[in-house]
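Quick caveat, the model's predicted, so the values are computed rather than measured. Here is how names work: the chains are called A, B, and so on, in the same order as the sequence lines, proteins then strands, and each is numbered from 1.
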Amino acid sequence: MRNVLAVLIANGAEFGRAEIEVLSAGSRLAADLGGTSVAAVVGGSDQSWAREAFSYGAVRVYVAGSPALTHYEPRLFADALEQIARSADADVLLFSSTISGLEVAPLVGYKLGASVIMDVTGIDGKVEGGGVRIQKPVFGGKAQSELVAQKAPVVLSLRMRSVDPLQPQEGASGEVIEIPVNVRPSTGTWRLIERNLEKSGGPRLEDARIIVSGGRGMGGKENFSCLAELGDVLGAALGASRAAVDLGWVPSTWQIGQTGKKVAPELYVAVGISGASQHMVGIAAAKHIVAINKDEKAPIFQMAELGVAEDYKVFIPKLIEALKKHKTSATT
Amino acid sequence: MHLVVCIKQILDPEIPPSDFRLDSAGRGPAEGIAPQVISIFDENALEVALQVREAAGEGRITAISIGAESAVDALRKALSMRVDDAYLIRQADFPALDTFGTARILAAALGKLPPADLLLCGRESGDWYGGQVPAFLAAQLDWPYTALVAAIRKTGSEWNLRRQSDDGWETIACSAPAVVSVTNDAQNLPRIPKVRDNMLAFRKTITVWTAADLGLTSESGCGPNTRLKTERFYIPTVSRQCQMISGDSVVQRAEELVEKLAGLRVI
Amino acid sequence: MTPTRQVYFNITGVWLMYVFFALTLLVFGYGVYRRWRLWQIGRPVVRLDRLGERLRLLFKQAPGHEKLLKRYSGTGFAHLLIFWGFVFLFLGTVVVFIHEDLHIHIMQGALYLYFESLALNISGALCIAGVTVALIQRSIRRAPRLKPDKPDDTIILVSILVILVTGFIIQGLRIHLTHDPWAAWSPVGRAVGMVFAHFLSEPALRELHRATWWFHLIVVFSFIGWIPYSKLLHILTAPASILTQDLGPRGALPVVDIEKEDAPLGVSRLQDFTWKDLLDLDACTECGRCEVNCPAFLTDKPLSPKWLILNLRESLHAESGNGRGANADPKISPAELAQSPLVGAVLKEETLWSCTSCGACVEQCPVAVEHVSKIVGMRRSLVMERAEFPDDLQNMVRSLEARGHPYPGVSASRIDWMKGLAVIQLADQPGAEFEVLLWVGCAGALNQRSQSVTRAVAELFTKAGVKFAVLGREERCTGDPARRIGHEFLFQTLAQQNISTLDRYKVRKIVTSCPHCFNTIKNEYPQFGGQYEVVHHSEFLEELVRQGRLKPSATGSAKVTFHDPCYLGRYNQVYDAPRAVLDSVPGVERTEPDWNRRNSLCCGGGGGFSFMEEKQGTRMNQNRAKQLLDTGANTIAVGCPFCMIMLEDGTKTVAPDAQVRVRDIAEVLNEATE
Ligand SMILES: Cc1cc2nc3c(=O)[nH]c(=O)nc-3n(C[C@H](O)[C@H](O)[C@H](O)COP(=O)(O)OP(=O)(O)OC[C@H]3O[C@@H](n4cnc5c(N)ncnc54)[C@H](O)[C@@H]3O)c2cc1C
Ligand code: SF4
Ligand code: SF4
């Protein structure tokens with residue numbers, strides 16, 4: 001197994017984090033396997049996508065050449081990708097677990113007769129005797145499955161935010177190959193008739209990667225501005241305990257818990273929240289919990305991973321400063 | 001109108017972490033550590049099908065499950081929600097079953113039923129999160145496929161599908177017959193059956209199909225995913241110990257926390 | 001000369017009275033029959049067994065006005081006077097009837113002097129006082145609980161007043177005109193006679209006597225005839241309702257036979273109530289006592305137990321074309337109304353979902369109206385027949401169905417609380433010997449806060465050397481939340497599972513720290529063959545302290561107030577044990593909230609409310625927390641996991657800065673015990 005094909009599906013959105021992660025994972029895996037990292041671009045995109053792919057380590061970019069592919073349609077895109085995969089002699093196909101990835105990856109996998117695993121959180125090529133090792137949490141994270149695929153082809157979709165992006169190599173270039181695909185007229189029809197973006201300042205609570213939440217310990221409506229600032233720095237959505245909702249400090253759509261929203265962020269920062277079980281069931285799926293509470297005996301510390309026993313009014317401003325410092329040092 | 005819903009019985013996903021144990025072979029969870037339930041997204045799929053039938057004022061709904069004998073409970077539940085017919089396909093006939101095989105078997109079962117206009121599956125099973133069966137079915141049947149659908153309307157001869165997208169919602173029109181995978185949404189929370197329907201469901205027969213009934217052999221259950229080898233299957237140790245940040249000054253504590261967060265790769 | 005009097009002095013044409021009386025009886029009889037017929041549409045229920053016990057209850061509750069006097073003693077006392085006035089005057093009339101019509105001359109001698117004259121005079125006067133107080137209360141200090149203002153109520157009081165006053169006038173005039181030698185035995189009558197004699201000549205007095213006599217007669221007969229057509233009906237229905245009240249344990253809801261093929265599940269129409277339920281509707285005197293103690297009503301939920309009864313009554317009467325449901329759609333005919341579902345036409349769904357099943361209304365009602373079983377009956381129909389109920393409760397039901405506990409999403413296991421404690425789990429050690437089974441309960445096992453209460457109980461048991469065991473993973477919810485929200489099917493499934501587990505381990509005695517589990521296992525499991533000795537941890541701990549097996553020692557001082565849980569107090573009359581446990585701890589100074597014991601106010605956690613959001617009005621837990629904080633206590637002691645959650649949240653919201661802790665009695669005792 002040597003050839004890793006990173007699949008980029010252009011479906012109306014700009015080149016972004018999802019694509020960067022797929023390309024980065026593809027290049028790393030190809031390096032592990034001692035093979036080549038290539039990319040495929042399908043859908044209505046411009047030249048810039050290929051350039052980006054090169055900068056993240058792809059040596060070749062395959063472009064599907066067919067006027068039928070300007071608009072996204074799962075079966076057509078799957079057909080195109082099947083043909084590209086065959087002509088590129090791809091052993092491993094990597095998709096992102098975006099909506100189009102979730103749709104197209106298994107369709108392509110089926111056509112190729114590949115081993116297919118969806119929504120994996122880690123891959124590497126350091127397997128004795130060759131092959132790809134795949135990590136996938138199952139049973140709600142209560143168990144972890146580690147699989148090895150030694151026979152090509154393999155189709156994988158990568159969970160979002162599971163891959164560290166590579167540093168892009170400015171000006172890197174490579175070969176763009178247009179594959180004249182022959183997408184078969186389908187038996188049925190499929191078309192997008194409407195697209196609504198959910199525009200709401202920050203991300204939706206249910207989808208947010210980071211959530212900053214405030215409880216009764218915030219002490220007042222006005223104090224939530226300090227959380228908003230922290231949320232801005234972290235790129236987080238804002239949530240609350242029922243106590244804060246009840247006190248009229250925040251709208252009820254912010255409530256997290258048994259009778260509120262159930263959320264699954266990677267990072268949950270609880271500020272001035274005691275950790276009542278009705279609140280905690282809402283964040284059972286959170287990966288990392290940080291608690292900031294001035295009472296070191298608060299039950300939330302039994303469930304948090306990192307704890308700060310301190311008045312948030314003192315701590316949060318310093319935390320915001322430290323985060324900003326971290327950010328500037330990370331980008332330079 | 002004929003709607004077919006594929007459902008799977010799984011280990012209760014809400015099993016408390018401290019009750020979760022592995023079987024002796026270490027390949028999956030031990031038996032009997034928690035109740036068996038219908039996979040959550042499959043329940044949403046059932047609910048969507050029921051809503052489509054209600055809106056149309058007519059139609060039949062069939063539920064199919066591949067599973068152990070205990071899966072009749074899942075089908076019974078579907079019947080109590082007022083699905084018309086239920087079929088259990090004996091999983092024991094397919095010892096090395098993978099997702100490809102599952103799709104093949106379901107497609108064969110579909111062939112024995114009156115022609116379907118819509119096939120609904122949950123977006124992924126709530127235990128192993130395969131997330132492939134609906135797409136494989138669509139590929140096998142060569143029907144249009146749409147993932148993460150939350151609500152469905154019939155408009156003329158087409159299906160009108162409202163589905164989750166990466167950053168909002170999309171509406172898709174597709175021809176019938178079609179395959180959809182259903183995701184959860186406030187509007188498709190599975191209904192609570194009426195007690196009378198509950199009792200009626202107990203009197204209905206659930207047809208059991210064997211491999212032979214479907215014209216299949218035990219090998220039909222195997223596909224390319226049986227090539228995958230499980231190298232490790234384990235319970236990750238999460239230290240529930242809270243690490244208290246204890247630097248000397250506030251500034252130090254803030255910096256320590258940021259460092260830790262960076263270490264966890266969440267910022 | 002034997003003391004007596006002439007009955008029809010100065011009256012001619014007495015036969016006319018018999019004609020009037022016959023007419024009155026006809027009108028009266030028809031009125032009662034019309035009601036009777038309406039009660040008959042209800043389902044059968046056995047309520048005339050154990051008659052001795054029933055009569056004893058009737059004579060205990062009615063004559064002393066036990067319940068009326070427990071609250072609002074002012075109006076209660078007024079009613080007591082009127083009630084006894086009526087009893088005496090009725091007996092007086094009976095004496096006249098026996099004497100005059102049956103010609104058994106008993107109205108003479110001591111009976112005439114002491115009873116017929118003196119006692120009737122005094123009771124008549126007191127009755128007038130009672131009526132006057134009641135009238136003043138209605139017109140001047142109008143208690144909101146007495147709404148609606150209907151002219152009926154005032155007309156009734158005024159006519160009683162008229163009857164009594166004219167009675168005294170007639171007596172006074174007779175005494176004066178006949179120079180009654182026994183006048184001293186009728187002091188009020190004599191005084192009235194003297195007043196009139198002062199102003200009028202004798203012939204005028206005779207005329208007046210005759211006129212008043214006929215007037216009095218007509219008012220009395222109209223009054224009697226009017227009884228079954230007005231609120232006065234309660235003269236008949238109140239004792240009937242008290243006599244036929246539920247004698248079973250208060251905490252047990254009636255069983256529904258789920259298996260019965262076509263029987264309706266729960267109550268959707270009037271016909272689905274029992275006849276006693278329908279009798280209740282006519283027994284209600286609109287006194288409003290139920291409303292005043294209702295946690296839902298007090299926090300502006302769309303529920304008043306009194307209006308619930310009155311609305312149902314109006315719809316019942318609509319069947320006979322007499323009155324219409326207040327909330328009924330005017331376009332619906334009475335016949336349609338009777339057939340149409342109650343919920344929607346007569347009552348709002350939210351009304352039924354506002355009840356915590358705290359039982360305060362039943363406890364307060366002087367005429368034994370059973371509100372809770374009616375509310376649950378109607379919930380049953382919504383949940384089981386229509387499957388329409390609040391989302392939060394649907395999630396709870398799903399969780400109960402799939403995993404036997406009502407907390408969707410909790411990730412704790414039933415045995416997490418016992419980490420570090422040596423506890424016998426019967427599944428692991430089926431043969432183990434044990435004195436008592438500790439029933440942990442879902443909250444006790446799965447709720448973070450309650451886990452520490454369970455630990456405290458287990459530690460106390462260990463300290464006292466009690467050999468105890470738990471079911472552990474095999475324990476299921478008792479089914480209380482399912483039953484209270486009306487999901488009888490689910491309740492029975494859970495109950496049967498638990499009973500079979502308990503019987504498998506040959507459990508005899510059960511201790512639990514949850515009053516809901518306590519009530520259900522103790523009072524409801526026997527309905528399904530589960531017979532155990534069940535005690536609340538407060539009773540068990542009290543016993544251990546009394547036996548000296550636990551010796552609390554001083555721990556400084558704390559001002560403690562105890563909040564009575566509904567399912568421990570009102571439903572099971574355990575009031576003293578928890579207080580005794582607290583009092584056994586040196587340094588505890590106990591205070592009582594104004595509303596305590598049977599008048600305790602619900603925390604807002606029962607009847608499904610621990611699992612759903614209060615969407616309307618203010619919060620019940622804050623309301624109760626205020627009352628408890630007003631005692632000035634720094635520790636609020638509870639004996640129920642729901643109260644714990646509710647009051648902890650309530651006190652923090654009401655008084656964020658107060659240094660008040662909410663603790664279970666077991667925690668208080670454990671901390672003080674070596
Ligand atoms: C049926 C039901 C459903 C419920 N559903 C939900 C639900 O969906 N979601 C939910 O959240 N709750 C729910 N609750 C309420 C829940 O029981 C708790 O009451 C609530 O979560 C408490 O909120 P809190 O942690 O913000 O407040 P508290 O418990 O009052 O905690 C405040 C915390 O802030 C800390 N603090 C105070 N000042 C500061 C400071 N300056 N700096 C740092 N820390 C400080 C305190 O030490 C304390 O620990 C429900 C309750 C019931 C009965
Ligand atoms: S049981 Fe309690 S909440 Fe329900 S009506 Fe009666 S007093 Fe009100
Ligand atoms: S139900 Fe009972 S307490 Fe309530 S108003 Fe009627 S008589 Fe009074």
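Without hydrogens or angle criteria, T189(A) side chain to C174(B) main chain gives no donor-acceptor distance under 3.5 Å. Between the side chain of R75(A) and the backbone N or O of D142(B), at least one donor-acceptor pair lies under 3.5 Å.
The closest side-chain heavy-atom distance from Q144(A) to F233(B) is not below 4.5 Å. Side-chain atoms of F139(A) and W128(B), non-hydrogen and from C-beta on, do get closer than 4.5 Å to each other. Counting only heavy atoms from C-beta outward, the side chains of R253(B) and E310(A) approach each other to under 4.5 Å. Between E103(A) and T146(B), the closest side-chain pair of non-hydrogen atoms falls below 4.5 Å. A heavy-atom distance below 4.5 Å is found between the side chains of Y234(B) and E146(A). Considering only heavy atoms from C-beta on, L306(A) stays 4.5 Å or farther from M244(B) through its side chain. Put simply, the side chain of V138(A) does not reach to within 4.5 Å of the side chain of D127(B), judged on heavy atoms. Side-chain atoms of Q241(B) and Q302(A), non-hydrogen and from C-beta on, never get closer than 4.5 Å to each other.
Scanning for salt bridge (charged side-chain N to carboxylate O under 4.0 Å, His left out) contacts around D91(A) gives an empty result, with sequence neighbours left out.
G188(A) and P144(B) make their closest contact through CA-CG, 4.3 Å (heavy atoms, listed as atom of the first residue, atom of the second, distance).
Proximity to chain B is limited to the side chain of L234(A), based on heavy atoms less than 4.5 angstrom apart. If you measure heavy-atom distances from V154(A) to chain B, you find no contacts under 4.5 Å at all. Heavy-atom distances place both the backbone and the side chain of I15(B) under 4.5 Å from chain A. No part of E321(A) comes within reach of chain B, as not one of its non-hydrogen atoms sits under 4.5 angstrom from that chain. For P153(A), the parts sitting under 4.5 Å from any heavy atom of chain B are the backbone and the side chain alike.
Interatomic distance, CZ of R133(A) versus CD of E231(B), reported as 4.5 Å (0.5 Å rounding). For the atom pair CG (L319(A)) and CG (L257(B)), the distance works out to 5.5 Å, reported to the nearest 0.5 Å. We find the CG-CZ distance between L192(A) and R163(B) to be 8.0 Å, quoted to the nearest 0.5 Å. The distance from atom OG of S165(B) to atom CG of N11(A), rounded to the nearest 0.5 Å, is 8.5 Å. Considering OG1 of T155(B) and CD1 of I193(A), their distance stands at 6.5 Å, rounded to 0.5 Å.
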Enumerate, atom names and distances included, each donor-acceptor pair closer than 3.5 Å involving a side-chain atom of residues 109-123 of chain A, sequence neighbours excluded.
from, atom 1, to, atom 2, distance (Å)
Y110(A), OH, Q140(B), OE1, 2.8
K111(A), NZ, D79(A), OD1, 3.0
S115(A), OG, P224(B), O, 3.0
D119(A), OD1, S97(A), OG, 3.0
T121(A), OG1, Q135(A), O, 3.4

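Aromatic ring centroids of W190(A) and Y145(B) lie 6.0 Å or more apart.
Listed by sequence position, V258(B), K260(B), L261(B), A262(B), L264(B), R265(B), V266(B), I267(B) are the residues of residues 258-267 of chain B in contact with chain A, using a 4.5 angstrom heavy-atom cutoff. Along residues 20-32 of chain B, the residues that come nearer than 4.5 angstrom to chain A, judged on non-hydrogen atoms, are F20(B), P29(B) in order of number.
By the 4.0 Å N-to-carboxylate-O rule, E158(B) lies close enough to R191(A) to be salt-bridged with it. Salt bridge present: E255(B) and K325(A) bring a charged side-chain N and a carboxylate O closer than 4.0 Å.
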